[in-house]
Structure formats: structure tokens, C-alpha cells
Amino acid sequence: MTERRYVPSEVETKWQQNWEASNAHDTTTDSSKPYYYCMEQFPYPSGRLHMGHVRVYSIGDVVARFKKMSGYNVLHLMGWDAFGMPAENFAIQHGVHPNVSTFDNIAFMRNQQKQLGLSYDWSRELATCSPDYYKWTQWIFQLFYERGLAYKKKAAVNWCPECSTVLANEQVIDGACWRCDSEVVKKDLEQWFFKITEYADRLLTDLDQLQGGWPENVITMQRNWIGKSTGAEITFSIAGQAEQLTVFTTRPDTVYGVSYIVLAPENALVQQLIAGYEHQADVQAFIDKVRKASEIERTSTDAEKVGIFTGAYAVHPLTGEKLPIWIANYVLPDYGTGCVMGVPAHDQRDFEFATKYELPIIPVIEPEEGLESNQTSAVTGEGKLINSAEFNGLSNAEALTQIVEALEQKGIGKTTTSFRLRDWLISRQRYWGAPIPMINCPSCGTVPVPKEQLPVLLPEHVDFGVKGKSPLETNDEFVQTTCPSCGGAARRETDTMDTFIDSSWYYLRYTGEGDGTLPFDTEAANNWMPVDKYVGGIEHAILHLLYSRFFTKVLHDAGLVNFVEPFESLLTQGMVVLNGAKMSKSKGNVVSPEDIVSKYGADTARVFILFAAPPDRDLEWSDQGVEGANRFLNRVWRMVDNHIPILRKKNLTADASGEAAKKLRMATHATIKKVTEDIGTRYNFNTAISAIMELVNAIYTYPDAADAGTKAEAIRTAVILLHPAAPHVTSELWEMMGETSKLYALEWPSYDESALVLDEIEYVVQINGKVRERLVFPKDATKEEIETQAVASDKVQALLEGKSIKKVIVVPGKLVNLVVG
RNA sequence: GCGGGUGUGGUGGAAUGGCAGACACAACAGACUUAAAAUCUGUCGGGUUUCCCGUGCCGGUUCGAGUCCGGCCACCCGCACCA
């Protein structure tokens with residue numbers, strides 16, 4: 001037998017071709033097997049894979065392959081989040097149409113994915129930019145419209161000058177564009193919105209269902225983003241005017257402490273209040289200045305609070321007192337009612353404002369430790385009411401309820417909730433997206449494109465580079481149309497949809513295309529969904545995951561699906577970093593997957609990535625670590641290659657009666673148990689691989705004279721357990737062993753519980769919790785026997801001299817602890 | 001400020017409340033080799049080494065704490081004038 005060398009490129013090409021030819025990864029729908037939906041976030045076709053991609057796919061592939069071997073029908077596939085601005089910017093710079101560059105990129109990246117040996121069912125691949133996909137994105141848009149969830153409004157929206165398009169709230173990070181990081185400005189535009197706020201409460205409460213399946217921090221981030229707070233709306237009348245104003249407060253218990261009212265400068269009421277006021281021009285100048293300030297300046301906590309008196313007064317609904325009405329930069333126009341009651345004594349922001357502008361500070365809650373005579377900050381804690389007429393003496397919790405009741409009776413207040421979540425702005429003034437399937441008719445208004453006319457195709461020829469104008473506007477043929485309702489001349493909507501819409505439903509399309517009357521096969525979707533394991537980056541903690549949850553709920557309400565949450569379990573994988581920093585071209589610290597795969601092979605890349613860190617943590621790239629992973633695969637290779645004769649011997653039976661054989665058999669079965677749990681329930685692939693390494697080490701040190709059958713069993717098991725992580729090399733080794741079965745279709749091994757039990761167990765003997773001796777006891781030794789012998793041992797006796805035993809703890813199978821005084 | 005997370009050898013990281021540092025990387029030594037690489041075998045937290053100390057710091061619970069509880073510190077992430 002001549003020694004064979006491990007050449008990854010040969011092995012990997014061979015098995016990739018083999019799997020493709022035998023349709024190894026086709027989705028099965030065997031009714032006798034349970035369903036398992038394993039999904040990785042689909043990529044934007046940027047051109048080539050980066051290590052972050054390799055990591056997500058490696059994780060997903062281990063899970064998918066493991067589940068297939070464990071007897072599941074597994075849905076595991078790949079698609080392309082293919083609309084988006086980079087392709088369009090590339091077109092502007094290089095004159096290559098997105099239709100061309102996108103599909104080139106897809107072809108290249110698909111090839112890279114195939115080289116990684118990922119077990120996708122390629123027959124179900126999709127791209128969101130293909131008309132037969134975005135037709136249904138448009139269909140869903142219209143469904144939202146019909147259900148009153150898509151609407152157009154003029155609003156001050158986030159505008160990214162660099163991308164020359166608007167952005168949703170979620171897409172503004174610290175006042176900057178999520179994509180290009182340039183500063184976002186406010187612009188008044190008429191735009192399409194999705195009414196996600198109508199689902200705010202359900203998006204919040206259903207998070208409870210995800211507890212356990214989703215990482216706690218993602219749930220918390222969503223909870224904060226939705227930002228529900230309970231409080232009351234209180235109506236104030238305005239002195240000398242018929243108009244009223246309503247404030248939202250979470251602290252109606254402090255209503256007697258109100259000393260002024262303050263509005264957001266944008267509040268519609270402001271113009272009316274200042275009309276005819278002698279300083280009207282000054283107020284107007286103030287408003288213009290605040291509105292010009294950037295989002296960052298405006299919303300930063302340490303920005304100075306500035307305001308101006310409007311000249312108008314409100315009337316306190318309970319005391320009848322006159323309260324000056326101010327406007328200030330610290331009041332947000334689009335939260336609550338855009339109007340706040342100022343309670344300086346009990347709200348820090350109001351306190352700062354009142355101190356600055358010398359407004360009265362009226363304490364109405366006295367904490368247990370009493371009030372300072374000269375308040376230096378707001379008192380926000382619990383206490384008893386003072387200065388509050390008939391509510392004096394009540395605890396503020398009691399007062400809260402009673403005051404709201406009193407206001408309610410007078411018809412000037414009610415309990416209400418407020419959310420921080422805003423409606424989702426979905427229009428984009430860009431070309432490479434799904435056109436919004438609507439028509440603007442001068443006489444009929446906004447009219448949906450009839451369903452049978454979908455998709456509204458993206459026109460091939462447009463002028464990309466006109467700043468501030470949607471490229472679709474530059475194609476007359478596209479814009480000019482007739483109104484479906486009256487037949488008159490009309491204009492098409494020229495904005496496209498936010499690409500997050502495309503990715504909000506792709507997981508449903510994956511399950512099946514259906515008969516062409518609906519966006520997806522609803523029966524298949526109900527079978528496969530919700531996704532059992534969704535692997536992706538934490539950067540989508542809010543954006544994509546919140547939008548997808550919203551879509552699922554709307555589709556549920558429309559009767560298309562029978563579940564309300566799309567992703568039962570979420571695995572957020574950490575970044576791949578080099579020297580502690582995220583790999584990026586600008587930092588010049590990028591390690592390219594192509595180089596690693598061509599030098600060491602995909603199996604090595606996969607094993608290294610899985611082994612180097614638990615999946616949810618950042619992974620520090622290490623060239624030496626990669627070498628180590630490659631060394632390990634070579635070690636496995638040699639282990640098999642050196643034992644071909646015993647591995648091929650068909651009638652070789654295992655006899656684990658000898659001591660060494662018994663130990664190895666135990667190691668084999670303990671490894672099966674550990675790897676099964678690590679992959680299947682803990683998703684800790686690093687410890688799964690280290691367990692296999694231990695088994696391999698045990699096989700290497702197994703004495704030549706010991707039972708060969710037991711060794712063959714151990715080797716075979718190690719190869720099978722390693723298969724999900726390193727599918728190519730293990731398939732080759734399987735074949736080298738003379739096996740004709742398909743390793744990927746093999747049943748996952750089960751372990752023999754009885755093999756895990758040792759006849760003799762080493763106990764640790766502790767004195768006062770410190771290890772002092774080790775003793776071996778038969779597995780069925782009683783507590784009494786263990787205690788007696790432990791105490792009787794020479795070492796223990798020596799240490800016990802002059803002391804007495806106060807207590808003995810025996811943990812069966814583990815240790816004895818003698819408490820000595 | 002609020003919410004969440006993380007702190008363990010030179011490094012990545014292991015440890016259902018039960019032997020801290022599995023597995024690997026790096027380093028060192030030996031075997032093989034004319035030599036190197038590869039491979040195999042071994043050493044590898046610290047110290048004043050029969051023993052003692054050691055999981056960010058200080059306390060607590062427990063026979064026993066990296067793990068649970070309380071209070072700090074540092075770093076990371078998210079939100080951040082949300083009334």
C-alpha cells in the first residue's frame with residue numbers, strides 16, 4: 001500500500017462534482033421525516049465573498065448537514081439580495097448597467113460558494129432583482145396598500161446627500177447614513193410609508209415568544225427601538241383662543257407641578273399662537289434656526305436646551321392658572337403630541353430649562369427623605385403628593401391613577417401609550433430597486449397598477465447621474481401612462497422601494513413558488529416555517545429582523561400564513577477580525593477567502609473558522625490557526641491512510657474487553673455524545689471540533705497490540721462526526737475505507753450509554769474543599785465504602801492529625817469532601 | 001444617563017456549583033534527517049515547589065464559587081433631550 005497525500009484541491013473538486021451530479025443537496029419532503037429550515041442571511045452580490053460570509057455559511061452548513069444526517073427534511077438554500085445602490089453607483093462610475101454587473105457578481109460569488117462545498121439546494125436559488133421576484137414584492141406592496149398599511153405623506157424626512165435618496169429612521173445611525181456614513185439632513189418631501197406603527201404593540205408583545213430562541217441583546221434592542229411608554233394625554237385650553245393643546249406625559253401625577261407648556265418648533269399650532277405677537281419675527285427666526293440644525297445637534301443629550309416664549313398662555317385644567325407657552329429645541333415634533341407640560345421640579349430636562357429661563361419650580365412630590373429647600377436637580381423618585389389640592393398625601397403611584405380618573409371625568413385627559421417607533425419610510429429616489437407599482441392620476445389621485453399588469457418592469461434605459469432626481473423620472477416612456485381607473489393620461493410613481501422590503505419576505509419565497517397566483521406556496525410555507533435556525537450578523541438586530549417580523553404579521557393577518565413570527569431561533573455570529581479590527585479594505589487588513597481556499601482548501605477554512613471561537617463571538621483571524629486546522633485534517637488523513645487494511649476488513653468485529661479497547665470505545669461514544677450535543681443543541685462548534693481532536697489523539701496513542709476492531713470503529717466514527725464541518729475530505733476518506741455508501745446521507749451515529757460507564761472511577765478526595773488525594777473506587781461502591789476508605793488513606797490520615805471530621809460530602813462518581821475542624 | 005454583554009495562561013479559547021486552563025496556536029526540548037521542512041513524542045499559569053498563590057476588584061451564600069447573590073472597576077455594543 002503506497003501512502004497517499006492529502007491534496008485538498010483534487011479532493012474538493014471531485015466531491016463537489018459528485019454531489020452536483022447526484023443531486024445530493026436537493027430538498028426532500030419525505031412525510032415521515034420532520035422538517036427543519038436552516039437559513040443564512042442572503043448576501044448582497046458585492047462581487048466577491050469576504051470572510052464574514054465564509055463564517056455564516058460554514059455555521060449554517062454544519063447545522064444543515066448535521067440535521068440531514070439526523071433524519072430531517074432540511075431546507076437550506078441561497079439567494080441574492082440583489083437590488084441596491086452599489087450596483088447603481090458602479091453604473092454611474094463605469095457605465096456598466098446594474099443588470100449586467102449584478103448578475104456577473106452573482107455568478108462569481110455563486111462559484112465561490114460552490115467551492116466552499118455548501119449544501120444548498122441550488123434549484124431554488126432566487127435573486128430579488130429578477131422580475132419574477134419583484135413582481136411579488138410589488139404585489140405585496142399593493143396588499144399593504146389595500147390593507148391601509150401603505151400611504152403617502154409629506155414629511156420632514158431623512159435625506160442622505162451622498163446617496164441622494166431618503167432613508168428610514170432605522171437606517172440613520174447617529175445622524176449618519178447607515179450605508180455611506182455621511183451626515184443625514186432633513187428634507188420636506190412627499191413619500192411612501194409603511195404603517196409599521198400599527199403593529200408596534202404586537203411587535204413588542206410577540207418578542208416574548210422569541211425568548212430563549214433569540215439572543216437576549218437582540219430582543220432588548222428591538223424592545224428599546226419600539227419604545228413603548230404608558231402615560232396620559234392631557235388637554236389644556238389656550239387663554240383667549242378657542243384652540244386647545246394636548247400634551248403627552250408619563251407622569252400625570254405631577255400635573256400640579258406644571259409651570260409652563262413647551263412645544264416643538266415644528267408643531268402646527270405654533271404659527272397660530274405667535275400670529276400678531278409683538279416678537280413674532282424673533283420667534284420665527286428661532287424656529288428657522290432650530291430646524292436648520294442637524295439631527296445630531298438637535299438630538300444630542302448634551303446639546304444646550306434653548307427656547308423662546310410664544311407670547312401665548314395655556315390654562316391649567318385643574319388650578320386654572322395661566323401657564324406660559326414656550327417652544328424649545330428639546331421637544332421632538334414626532335413623538336407623543338409634540339407638546340410637553342413642563343414640570344421642572346420632577347423632570348431633569350424641564351429643570352434645566354426652567355432654571356435657565358427663570359420659570360417657576362413647583363415641587364409636588366415629597367420623597368421620604370424630604371425636599372431640599374433649594375433644589376439643584378429634579379426629584380424623579382417616589383414620594384407623597386404636596387401642593388396638589390385634594391390629592392395631597394397620596395403616594396405618587398396612587399395619585400397617578402386618581403388624577404387621570406379625575407381628568408377623564410372632566411373630559412380633558414385619558415390614559416394612552418406612546419411608541420418611539422416611527423412609520424417606515426420606504427420610497428427611494430434610486431433606480432436599482434423594485435418600482436412602486438402605483439400611478440398618479442390628475443383626476444383620480446393615486447391608483448394601484450392593476451395586478452395583472454405586474455410586474456412594473458424597470459426600464460432598461462435611464463439617466464443615472466441626475467442628482468436629487470429619481471432616475472426613473474428620466475425615462476419618459478416609463479413615466480407616461482394611462483390611469484387604470486379613468487383612462488386619462490397619468491404618471492407612474494418614479495420612486496423605487498427600500499431594498500429592505502425585498503429581504504422582508506424572501507424566506508417565504510424560498511419555501512416554494514407556488515402556482516403563480518400568490519407570492520409563494522402558502523402550504524409549503526406553513527410546512528417549513530418558521531425558520532428553525534436563522535444565522536446572520538448582529539448588524540440586522542433591528543433593521544431586517546424587525547421589518548421581517550412586521551411583514552410576517554401582515555401576511556398572517558391577510559390569511560397567507562398561519563404563523564406570526566418568522567424566525568424561531570436566531571444565531572447572531574460575531575465579526576471576523578484581524579488584530580482586533582474588523583477586516584476592511586480601507587484598513588488594508590483583509591484576508592481573502594480565495595487565497596485561503598486555494599492554499600489550504602475549503603475544509604481547512606471551514607474547520608478553522610468553526611474551531612477558532614464560539615459562533616456568537618468575534619473571531620480573531622490567525623494564519624497560524626489556519627495552519628493548525630490544516631495540520632489536523634492531514635492528521636486525520638494519515639490516520640485513515642495508515643489503517644486502510646483494518647478499515648476495509650469487512651468481517652472485522654470489535655472486541656472491547658481489553659483495557660485499552662474499553663477506554664477507546666468509551667472515548668468514541670463519549671465523543672459522539674459531545675459532538676451531537678454541541679452541534680445540535682448548543683451550537684458550539686468549537687468544542688465539537690476539539691472533542692473530535694481528542695478522539696483522534698486517543699486513536700494515535702492507542703497501542704498497536706490492542707483490539708483492531710475497536711480502533712476501526714473509532715476511526716470510522718471520527719470521520720463521520722467530522723463530516724458536517726469538513727465534508728470533502730471526510731467523503732474521500734470514507735471512500736478510501738472501501739465504503740460505498742454516501743457519507744452525507746449516512747445516519748448520524750448514536751451512542752451506547754453503557755459504553756460511557758467505567759468499571760472503576762477515580763475520586764478526588766478533598767479536605768475543606770482542597771484536593772489532597774485521588775483514589776480509585778469500583779463504579780458501584782457505596783457512599784459508606786467511599787467515605788471509610790477515603791478517611792483511612794495514608795495521606796488523609798496524615799493531614800487529619802489532631803483534627804476531627806465534622807462532615808463528609810460524597811458526590812457519586814466524582815469526589816469526597818471531608819470537612820475538618 | 002438608560003439597557004445589554006464581556007473580563008480566565010504569551011495567544012484563541014474549555015469548564016450541568018465539584019480536579020481551573022480541555023482543545024489548539026506560539027514557544028521550548030527530544031526522536032527521525034547529512035541538514036532543514038514535515039512528522040512523531042514530551043514540557044508549557046505563577047511562586048520562596050512535601051507546599052502556597054491564581055479566573056478584573058471588594059464582600060456574601062455554600063462542605064465546595066470562574067460559575068450563584070450584592071457592591072465596585074474596565075472594556076465592548078445598542079439606545080440616547082422619547083416628556
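- The distance between atom CG of A/Leu799 and atom C1' of B/rU50, rounded to the nearest whole Å, is 10 Å.
- Ring-plane geometry between A/Phe685 and A/Tyr683 is classed as perpendicular, the angle between the planes exceeding 60 degrees on a 0 to 90 degree scale with a lower cut at 30.
- Between B/rU43 and B/rC25, the two P atoms lie 16 Å apart (nearest whole Å).
- No side-chain heavy atom of A/Val765 sits less than 4.5 Å from a side-chain heavy atom of A/Arg772.
- For A/Ile809, the listed nucleotide lying nearest its side chain is B/rG18; candidates were B/rG18, B/rA83, B/rC25.
- Remark: A/Arg422 engages A/Asp334 in a salt bridge, criterion side-chain N to carboxylate O under 4.0 Å.
- In terms of polar N and O atoms assigned as donor or acceptor, the side chain of A/Asn224 never comes within less than 3.5 Å of the base of B/rC79 in a complementary pairing.
- Ring centroid separation for the pair A/Phe632 and A/Phe611 does not come in under the 6.0 Å cut-off.
- If you check every strand for non-hydrogen atoms under 4.0 Å, A/Lys770 touches sugar and phosphate atoms only.
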For this session: Do nucleotides 4-16 of chain B as a string where each nucleotide becomes B, S or -: B if the base has a protein heavy atom under 4.0 Å, S if just the sugar-phosphate does, - if no protein is that close.
Result: S-------BSSSB
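- Nucleic acid contact class of A/Gly227 (heavy atoms, under 4.0 Å, all strands): none.
- When rounded to the nearest whole Å, the span between OH of A/Tyr600 and P of B/rA38 equals 11 Å.
- Between A/Arg772 and B/rC51 there is no side-chain N or O to OP1 or OP2 distance below 4.0 Å.
- To the nearest angstrom, C1' of B/rC2 lies 16 Å from CH2 of A/Trp225.
- Straight-line distance between the P atoms of B/rU50 and B/rG13: roughly 36 Å, to the nearest whole Å.
- Two residues are said to be in side-chain contact when any heavy atoms from C-beta on lie closer than 4.5 Å; A/His316 and A/Ile234 fail this criterion.
- Contact annotation for A/Glu627: no contact, since no heavy-atom pair falls under 4.0 Å across all strands.
- Base orientation of B/rG54: anti, since the glycosidic angle falls outside 90° of 0.
- In this structure, CD of A/Gln348 is placed 14 Å from C1' of B/rC2, rounded to the nearest angstrom.
- The side-chain heavy atoms of A/Thr671 and A/Glu694, taken from C-beta on, include no pair separated by under 4.5 Å.
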Problem set entry | Dot-bracket summary - RNA chain B, pairs being Watson-Crick or G-U whose distances fall under 3.5 Å, with | when paired to another strand | (((((((..(((.....[....))).(((((.......))))).(((...)))..(((((..]....))))))))))))....
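- Here A/Val343 lies out of heavy-atom contact (under 4.0 Å) with every strand.
- What separates NZ of A/Lys783 from C1' of B/rG18 is a distance of 13 Å, to the nearest Å.
- Atom CZ of A/Arg4 and atom C1' of B/rU39 are 19 Å apart (whole Å).
- In the set B/rA22, B/rA80, B/rC40, B/rA80 carries the atom at the smallest distance from any side-chain atom of A/Arg420.
- The shortest distance between side-chain heavy atoms of A/Tyr330 and A/Val262 falls below 4.5 Å.
- As judged by a 4.0 angstrom heavy-atom cut-off over every strand, A/Arg223 is placed among residues making no nucleic acid contact.
- Closest to the side chain of A/Tyr335, from the set B/rG18, B/rU41, B/rA83, is B/rA83.
- Rounded to whole Å, the separation between the C1' atoms of B/rG12 and B/rG7 comes to 15 Å.
- Atom pair A/Asn768:CG and B/rA65:P shows a separation of 11 Å (rounding to whole Å applied).
- For the pair A/Ile538/A/Asn217, a side-chain contact is recorded, criterion being any heavy-atom separation below 4.5 Å from C-beta on.
- At a cut-off of 3.5 angstrom, counting only N and O atoms as typed in the model, there is no donor on one side facing an acceptor on the other between the side-chain of A/Lys807 and the base of B/rC63.
- For A/Arg631, a side-chain nitrogen or oxygen approaches OP1 or OP2 of B/rC25 to under 4.0 Å.
- At most 12 heavy atoms of other shown residues, nucleotides or ligands fall within 6.0 angstrom of atom CG in A/Asp794.
- Heavy-atom contacts from other residues, nucleotides or ligands closer than 6.0 Å to NZ of A/Lys356 number more than 12.
- Classification of B/rU49 as syn follows from a glycosidic angle within 90° of 0.
- Nearest to the side-chain atoms of A/Tyr700 among the listed nucleotides B/rG64, B/rC25, B/rC40 stands B/rC40.
- Distance check on atom P: B/rC32 versus B/rA14 gives 39 Å, rounded to whole Å.
- Side-chain atoms of A/Phe500 and A/His540, non-hydrogen and from C-beta on, do get closer than 4.5 Å to each other.
- In the set B/rA22, B/rC63, B/rC81, B/rC63 carries the atom at the smallest distance from any side-chain atom of A/Val819.
- Across B/rG56 and B/rU6, the matching P atoms stand 13 Å from one another, rounded to whole Å.
- The residue among A/Gly769 and A/Asn697 whose nearest nucleotide of RNA chain B is located toward the 5' end is A/Asn697.
- Taking atom P in both B/rA20 and B/rG66, one finds a spacing of 9 Å when rounded to whole Å.
- At a threshold of 4.0 angstrom between heavy atoms, the contacts of A/Ser229 are confined to the sugar-phosphate backbone, with no base atom among them.
- Mapping A/Ser622 and A/Ile542 onto RNA chain B by nearest heavy atom places A/Ser622 at the nucleotide closer to the 5' end.
- Residue contacts shown for A/Val340 include a base, since a base heavy atom lies under 4.0 Å away.
- Of the C1' atoms belonging to B/rG17 and B/rU55, the separation is 15 Å, rounded to the nearest Å.
- Separation of the C1' atoms belonging to B/rA22 and B/rU8 is 13 Å when rounded to the nearest angstrom.
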For this session: Give the intermediate values and the outcome of side chain to side chain contact (heavy atoms under 4.5 Å, CB included) for residues A/Val331 and A/Leu263.
Result: CA-CA 6 Å; A/Val331 180; A/Leu263 276 64; 5.9 Å; no
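- Atom CG in A/Leu332 sits roughly 9 Å away from atom C1' in B/rA83 (whole-Å rounding).
- Ion pairing between a basic and an acidic side chain is recognised when a charged N comes within 4.0 Å of a carboxylate O; A/Lys795 and A/Glu773 show no such pairing.
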